*Asks:* 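First the structure, which I've put down as structure tokens, then a few questions once you've had a look.
If you're wondering where the values come from, they're calculated on a predicted model, not measured in any experiment. Values reported hereafter were calculated over all heavy atoms of this structure, with side chains retained and with hydrogens, waters and symmetry mates removed.
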Amino acid sequence: MGLTYEESDLARIIVVTSGKGGVGKTTTSAAFAMGLAQRGYRTAVIDFDVGLRNLDLIMGCERRVVYDFVNVINGEANLNQALIRDKRCEALYVLPASQTRDKEALTREGVEAVLQQLADTFDYIVCDSPAGIEHGATMAMYFADDAVVVTNPEVSSVRDSDRMLGILASKSRRAENGSEPIREHLLLSRYSPERVKNGEMLSLDDVQDILALNLLGVIPESKAVLNASNSGTPVILDEESDAGQAYDDLVSRYLGEELPHRFLDIQKRGLLGRLFGG
Amino acid sequence: MKANIASSTAQEPVFELKSGHFTLPNLRLLASNMDSLDEQLMARVQQAPGFFRNTPVVIDLSLLAERNAEIDFPLLVGLMRGYGMLPVAIQGGSARHEEMAEFLELAILADRKAKKTTSPQQKTPPREKPRQRSAPAMIIAKPIRSGQRVYATGRDLIVVASVSSGAEVIADGNIHIYGTLRGRALAGVKGNRESRIFCQNLQAELLAVAGQYRINEQLEPAQLGKPAQIYLSDKKLLIENL
């Protein structure tokens, strides 16, 4: 396995972002963080969606939240008190968002201090960005080394992702310091080959043509994602499902492995996809 | 073949050198602030848009409030060109100014007042009208994303990537896009009617040359998705597939 990013001692900070809501940022953050942790990397996943927290639900740790991200920033708790260790994978920790504050509670200095502290002990830090292009989203991306731009194959989502890429290129620490720009990756989610064929959805080629980005993976539209969310299990743990396998491929690809993209054609779809596909 | 032609025509004189007198407008620079200059020039040009078209202009620096003020010559020249003027020479500047002007291939005209007092080591006499040299184009090699806006002041803009829908590219000169144009492109925004837009794949939201514009809905469907150039002919915006 070519572990391209392992050379650095510092944690690699990955922001999962999109602009539009409901495209699968939190699902991706949870699956991606779990995938990295399963491979033995110490991974922290942070919910930046202060006021509308969801990550704890998707991760199935909502009943174990005592302190949160904002508490740590305000010095009301230390990081170890707020981090929740995942019960299924011991290399994975969740830092939940506060549900009772608003996004202004995230100060740049505060976020930087928390990330710095995490960077000492973790290999990867996954930041689950809120939707929109306001304060919370810009805080989530500011310190990033990598960005995973989650996009649905429809025009408005593609345009919002495009807008997000423009912001990533200008409003980040790397852009302001003039250092190597953030590595941008495209994740196309809720992809349905049938609907592409019927002309109801943009094809992968259409999206690639507009965004011109490195394609990290395509996640098929799948009932498994909804089931996973409802049960508080990152979908990557559902190894039987197409979406779970697609996320697993995606994590390997992020770590430098070259894998063909799957679930792009109607014929190759699994049983689940055939049963539930549009 | 070429040698033949050369020898057969060598006998007849091809040129004559004569001196001529021209009265050129002088742009007397009083301060070095280019932003204010841009604003005030624009106001002036708007009063008489045709007046400066292709007019040679001498930049007079003898009245500068601060004799040796640092002047951004490339920007100054670019600005003036953007308004249709052709800066050809400077006059009355400091040694540093003259050095900069020479670099931009502007002629250096002798200062009339200085001429009377200091005779022996005069500066270079006025040269023949210099070769035109345009300000270097702004080149962008990354995609221009939705929400981004790029403006090439006083020069051409070259984009070696695509321009997304919701993005805006603007230039005082021409715009070249070696990718798909899905956003808005405005060339010659300071009134240069000679400006053109070129793109590899036309899907623009809006096209404009010197204020004449057309929106996507008004484009011929047959012209979309193909390489095109857009220019003004008789105040009419023409879109021509390449």
*Asks:* Tell me which of these, B/Ala161, B/Ser165, B/Ser162, B/Gly179, has more heavy-atom pairs under 4.5 Å with chain A than the rest.
*Replies:* B/Ser165
*Asks:* With rounding to the nearest 0.5 Å, note down the distance linking CD1 in A/Ile210 to CZ in B/Arg145.
*Replies:* 10.5 Å
*Asks:* Is it true that atom OH of B/Tyr151 has more than 12 heavy atoms of other residues, nucleotides or ligands lying nearer than 6.0 Å?
*Replies:* yes
*Asks:* What I'd like to find out is whether the side chain of B/Gln148 reaches to under 4.5 Å of the side chain of A/Leu165, using heavy atoms alone.
*Replies:* no
*Asks:* Taking side chain as everything from C-beta outward and backbone as N, CA, C, O, which of these in A/Ile133 sits under 4.5 Å from a heavy atom of chain B? Side chain, backbone, both or neither.
*Replies:* neither
*Asks:* What part of A/Asp160 is in contact with chain B, defined as an atom under 4.5 angstrom from a non-hydrogen atom: side chain, backbone, both or neither?
*Replies:* neither
*Asks:* Counting neighbours of CD on A/Glu176 that are heavy atoms of other residues, nucleotides or ligands and sit closer than 6.0 Å, is the number greater than 12?
*Replies:* yes
*Asks:* With a 4.5 angstrom heavy-atom cut-off, is it the side chain or the backbone of A/Leu168 that approaches chain B, or both, or neither?
*Replies:* neither
*Asks:* With the threshold set at 4.0 Å, does a side-chain nitrogen-carboxylate oxygen contact exist between A/Asp162 and B/Arg182?
*Replies:* no
*Asks:* Answer yes or no: does atom NZ of A/Lys171 have more than 12 heavy-atom neighbours from other residues, nucleotides or ligands under 6.0 Å?
*Replies:* no
*Asks:* At what distance, to the nearest 0.5 angstrom, does OG of B/Ser164 lie from CZ of A/Arg163?
*Replies:* 11.5 Å
*Asks:* Quick one: do B/Lys142 and A/Glu184 make a salt bridge, cutoff under 4.0 Å?
*Replies:* no
*Asks:* Are more than 12 heavy atoms from other residues, nucleotides or ligands located less than 6.0 Å from atom CD of B/Glu168?
*Replies:* yes
